[in-house]
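Input: a single structure, listed below in structure tokens.
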2 protein chains.
Amino acid sequence: MEEKKLTLNLDIRSGLPIYTQIVNQIQSQLVNGNIKPGDQLPTVRALAQELRVNFNTVARAYRILDKERIISTQQGRGTYITEIPPPEVSERLRHESLEALTQRFINEAFRLGFSEKVISQMVRDSLKSMKEAIINDNE
Amino acid sequence: MEEKKLTLNLDIRSGLPIYTQIVNQIQSQLVNGNIKPGDQLPTVRALAQELRVNFNTVARAYRILDKERIISTQQGRGTYITEIPPPEVSERLRHESLEALTQRFINEAFRLGFSEKVISQMVRDSLKSMKEAIINDNE
DNA sequence: CCTTTATTGTACTAATTGTATCATTGTAAC
DNA sequence: GTTACAATGATACAATTAGTACAATAAAGG
């Protein structure tokens, strides 16, 4: 089960740029379950060779998907599906999962011996710096 | 019980290099008392086999921790947690491990699609209810 | 003791992966 | 035609991980 074939069909006549087609088709295959969170995508070079395009074109598609948090790319390592696309998941379930996640986090932080004040300050700082990083990405 | 199992959980989707994840998790386990000064860590090859990575990846993590004076590696002997961590080291360690923990948490929450506002509200709520629980415990 | 063998971390290098930058090409507007 | 711009390609680069050989220490056998 190590190899996902990930057959993408490019259509020259569609008029859409190749990188857009790659983005769309990977999203589709994720939605229909053909690929799943945690799966490794082909390397930019491997997929490029299969599609007979330049690997930078694939890299561009991957960069878009990465920005959308659908995949996680890591230089030297590869590209992995990250997101559990939550469109039809109920709001209540999503909220509960955040609640569970938060409690695990706070529990662990308490276990490390940190006070409520320090924890909430750290959350504020992290949120701030992470927001700034995203802003920088967008321009 | 001579053997510390040192269960580390690598997360492909975190985007962090493996050696960084190893560093962070060993720091955390030291801060929370799961491992203690004087303890011997697994050999680079043993931990590598368990994590299914190349032993040089573990060696790289150990080298970083060694440079930070958190562990002491000795060729031919093994790797040990430093006996008397200087106070400023242990304080920095505590801070860094909370930082890493917080970033993992926020990353995961973002990945689930929550906004900054919702996340910080949830943290506030959780901290509040957890504090109340502790108060109730104490009386 | 001394020698040999196994075990452990180290050093260096190679391979694999994504990134950054600029050049080229094609297409549309003017 | 010229220009502007978007898409793609070419090339060089950086980061991570893997492969191989080695050195230091400990353990075992004599």
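Chain letters run A, B, ... following the sequence lines, proteins first and then strands; every chain starts at 1.
Between T79(A) and the phosphate of dT17(C), there is no side-chain N or O to OP1/OP2 separation shorter than 4.0 Å. The side chain of R77(A) places an N or O atom within less than 4.0 Å of a non-bridging phosphate oxygen (OP1 or OP2) of dT17(D). For the OP1/OP2 pair of dG9(C) and a distance below 4.0 Å, the side-chain nitrogens and oxygens of Y62(B) include no atom meeting the criterion. Between T57(A) and dA7(D) there is no side-chain N or O to OP1 or OP2 distance below 4.0 Å. Close to dT8(D), at under 4.0 Å from its OP1 or OP2, lies no side-chain N or O of Y19(A). Checking the phosphate oxygens (OP1, OP2) of dT16(D), a side-chain nitrogen or oxygen of R60(B) falls inside 4.0 Å.
The CD1 atom of I64(B) sits 16 Å away from the P atom of dG9(C) (whole-angstrom rounding). Between Q75(B) atom CD and dA6(C) atom C1' the separation is 14 Å, expressed in whole Å. Rounded to a whole Å, the CZ atom of F55(B) is 9 Å from the P atom of dG19(D). Following rounding to the nearest Å, I71(A) (CD1) and dT19(C) (C1') show an atom-to-atom distance of 14 Å. The interatomic distance linking N54(A) (CG) with dA23(C) (C1') rounds to 12 Å, in whole Å. One atom, CZ of R63(A), and another, C1' of dT17(C), lie 14 Å apart when rounded to the nearest Å. Residue L16(A) contributes atom CG, which lies 14 Å from atom C1' of dA6(D) at whole-angstrom precision. Distance, L41(A) CG to dT17(C) P: 13 Å, rounded to whole Å.
Of all nucleotides listed (dG9(D), dA7(D), dT10(C)), dG9(D) comes nearest to the side chain of V53(A).
Rounded to the nearest 0.5 angstrom, L41(A) CG and T73(A) OG1 are separated by 10.0 Å.
A side-chain donor from one of Q21(B) and S14(B) sits under 3.5 Å from a side-chain acceptor of the other. Side chains of N56(B) and N54(B): a donor-acceptor N/O pair is present below 3.5 angstrom, by distance only.
Taking only distance into account, the side chain of N56(B) meets the base of dA11(C) through a donor-acceptor pair shorter than 3.5 Å.
For the pairing with T20(B), the side chain to side chain contact (heavy atoms under 4.5 Å, CB included) check across V23(B), I22(B), I18(B), N24(B) returns one residue only, N24(B).
No salt bridge links R104(A) with E108(A); every basic N to acidic carboxylate O contact stays at or beyond 4.0 Å.
A single hydrophobic cluster is not seen to contain both L65(A) and I12(B); linkage of ILVMFWY side chains at heavy-atom distances under 4.5 Å, directly or through other members, places them apart.
Taking the centre and axis of the six-membered ring of Y80(A), the NZ or CZ atom of R13(B) falls outside the cone set by 45° and 6.0 Å.
Heavy-atom distances under 4.0 Å link DNA chain D to no residue of residues 43-52 of chain B.
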